[in-house]
Number of protein chains: 2
Amino acid sequence: MTHDPLSQVFSALADPTRRAILARLSRGEASVNALAEPFEMTLPAVSKHLKVLEKAGLISRSRTAQWRPCRLEGAPLRGVAEWLEAYRKFWDGSFDRLDDYLDDIQKGDPDGPRS
Amino acid sequence: MTHDPLSQVFSALADPTRRAILARLSRGEASVNALAEPFEMTLPAVSKHLKVLEKAGLISRSRTAQWRPCRLEGAPLRGVAEWLEAYRKFWDGSFDRLDDYLDDIQKGDPDGPRS
DNA sequence: GAGATAACTAACCTAGTGGTTTAATACAGA
DNA sequence: TCTGTATTAAACCACTAGGTTAGTTATCTC
């Protein structure tokens, strides 16, 4: 895997188990055991997922006795949001009519539909 | 690996070459050769990246003679935006985190912070 | 100190990814 | 029909990812 930050974040999010972990953490800190409970897989597997999330900056871990509670860190998602914003016009329905209009008046544009 | 749509989209976006291809396509349709030109890698490698993007629904391909022009399809990004929106309060400083957090606790939604 | 509990590491397996080279396919034009 | 161009397919390789089991470390409690 390429290790530029955005790629790491996208890669971390490309797994439903890890997204479920983030969803759980969005409701508050949780221990590894608590996070692993809903899944069929073993604890080391969950531990690996957590390491992926941690390397992407999406979670942080503190230490309380033998527990290492995980906390959601949303900051990397800002990069995703910024990347996504550049493409908003390609998926946001409220732009559809504008796109149609531009397509209409730009028929035959050699550089493409929206150059 | 996982074949749920959102995972496929995130996975497709987790590669800088593929994101660069999307950036290029955001300025209009392009042939495979044109898309491959900025990269060091061989043409079959680019062709594979395009296949990944196509399976994720992020591009479509038409046929004009021996050319297979690619076009950006933004629809799958809406799913990303919706997923991301649920976490906005964790990265957008303009949100009042405590209020949102309390709202979510009261809803007791198990699937995510705001879904 | 002796368990019990929480979490991690190590070693391993299978399958997938990203790249290559070489060969095949599809089409345009002379 | 032959040739050049655009693109994909096949076979292969090194590396990574996601999972397992078994063993280790850290800490609490008795």
Side-chain angles (χ1 to χ4, degrees), chain A residues 1-22 24-25 28-72 110 112, chain B residues 1-22 24-25 28-72:
Chain A
M1 201 247 305
T2 48
H3 53 294
D4 69 291
L6 194 51
S7 295
Q8 256 183 290
V9 174
F10 274 129
S11 185
L13 298 178
D15 184 291
T17 300
R18 289 195 289 265
R19 292 199 305 278
I21 288 173
L22 291 182
R24 168 65 185 80
L25 289 177
E29 289 190 11
S31 71
V32 177
N33 266 301
L35 288 173
E37 190 272 330
F39 304 108
E40 298 285 324
M41 68 191 68
T42 60
L43 234 126
V46 173
S47 194
K48 281 190 181 181
H49 282 303
L50 293 175
K51 189 175 285 184
V52 172
L53 290 169
E54 191 177 25
K55 281 197 174 168
L58 287 163
I59 66 170
S60 64
R61 304 154 112 164
S62 50
R63 166 152 240 160
T64 306
Q66 68 266 53
W67 292 274
R68 259 157 273 190
C70 299
R71 176 183 325 188
L72 176 59
Chain B
M1 183 181 178
T2 50
H3 62 295
D4 68 292
L6 194 50
S7 295
Q8 256 182 292
V9 174
F10 274 129
S11 186
L13 297 178
D15 184 290
T17 301
R18 289 195 289 264
R19 291 199 305 278
I21 288 173
L22 292 183
R24 168 65 185 80
L25 289 178
E29 289 191 9
S31 71
V32 177
N33 266 303
L35 289 173
E37 190 272 330
F39 303 107
E40 297 286 323
M41 68 191 70
T42 59
L43 233 125
V46 173
S47 194
K48 283 189 180 182
H49 281 304
L50 293 175
K51 188 177 286 184
V52 172
L53 290 169
E54 190 177 26
K55 280 196 175 170
L58 287 163
I59 66 170
S60 63
R61 305 157 112 162
S62 49
R63 167 149 243 158
T64 306
Q66 68 266 54
W67 293 271
R68 307 292 310 278
C70 298
R71 176 182 325 190
L72 176 59

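Computed from a predicted model, the values in this text were never measured in an experiment. Lettering follows sequence order; numbering is per chain, from 1.
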Pull out every protein N or O sitting under 3.5 Å from an N or O of nucleotides 22-24 of chain D, one pair per line with the distance.
none

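Here A:Thr42 reaches the OP1 or OP2 of D:dT20: one of its side-chain N or O atoms lies under 4.0 Å away. A close approach under 4.0 Å does occur between a side-chain nitrogen or oxygen of B:Ser47 and OP1 or OP2 of D:dT8. Proximity of A:Lys51 to the phosphate of C:dA7: no side-chain N or O atom is located under 4.0 Å from OP1 or OP2.
Residue contacts shown for B:Thr17 are absent, as no nucleic acid heavy atom lies under 4.0 Å away.
Distance from the side chain of A:Asn33 is smallest to C:dA6 among C:dA6, D:dG18, C:dG19. Nearest nucleotide to the side chain of A:His49, out of C:dG18, D:dT21, D:dG18: D:dG18. In the set C:dA6, C:dG18, D:dT8, D:dT8 carries the atom at the smallest distance from any side-chain atom of B:Val32. You'll find that the side chain of B:Lys48 is closest to C:dT20, out of D:dG19, D:dT7, C:dT20.
Between the CD atom of A:Glu40 and the P atom of D:dG18 there is a distance of 18 Å, given to the nearest Å. Nucleotide D:dG19 holds its P atom 6 Å from the CG atom of A:Asp15, rounded to whole Å. Between A:Glu29 atom CD and C:dA7 atom C1' there is a gap of 16 Å when expressed in whole angstrom units. For the pair A:Phe39 CZ and C:dA7 C1', the computed distance is 17 Å after rounding to whole Å. The CD1 atom of B:Ile59 sits 12 Å away from the P atom of D:dT7 (whole-angstrom rounding). The CG atom of B:Leu35 sits 15 Å away from the C1' atom of D:dT8 (whole-angstrom rounding). Look at CG on B:Leu50: it is 13 Å from C1' on D:dA6, rounded to the nearest Å. Rounded to a whole Å, the NZ atom of A:Lys55 is 12 Å from the P atom of D:dG18.
Residues satisfying the side chain to side chain donor-acceptor pair (under 3.5 Å) test with A:Arg71, not counting sequence neighbours, are A:Glu29. Residues passing the side chain to side chain donor-acceptor pair (under 3.5 Å) test with A:Asn33, sequence neighbours excluded: none.
Considering every non-hydrogen atom in both A:Leu13 and A:Leu58, the closest pair reads CD2-CD1, 3.9 Å. Of all non-hydrogen atoms in B:Val32 and B:Arg68, the two that sit nearest each other are CG2-O, 4.2 Å. A pairwise comparison of heavy atoms in B:Ile59 and B:Cys70 identifies CD1-SG, 4.2 Å as the closest pair. Residues B:Arg19 and B:Ala14 come closest through the heavy atom pair NH1-C, 3.9 Å.
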- line: Reading nucleotides 25-30 of chain D from 5' to 3' and marking B where a protein heavy atom lies under 4.0 Å of the base, S where only the sugar-phosphate is that close, and - otherwise, the string is -SBS--
message: Evaluate A:Leu25 against A:Leu35 for side-chain contact (heavy atoms from CB on, under 4.5 Å), listing each step before the verdict.
response: CA-CA 8 Å; A:Leu25 289 177; A:Leu35 288 173; 3.8 Å; yes
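Between the OG1 atom of B:Thr17 and the CG atom of B:Leu22 there is a distance of 11.0 Å, given to the nearest 0.5 Å.
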Ignoring hydrogens and angles, write down the donor-acceptor pairs under 3.5 Å from the side chains of residues 38-54 of chain B, residues two or more places apart or on other chains.
| from | atom 1 | to | atom 2 | distance (Å) |
| --- | --- | --- | --- | --- |
| B:His49 | ND1 | B:Arg18 | NH1 | 3.1 |
| B:Glu54 | OE1 | B:Arg61 | NH1 | 2.9 |

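A donor-acceptor distance shorter than 3.5 angstrom exists from the side chain of B:Ser31 to the backbone of B:Ala34, with no hydrogens or angles considered.
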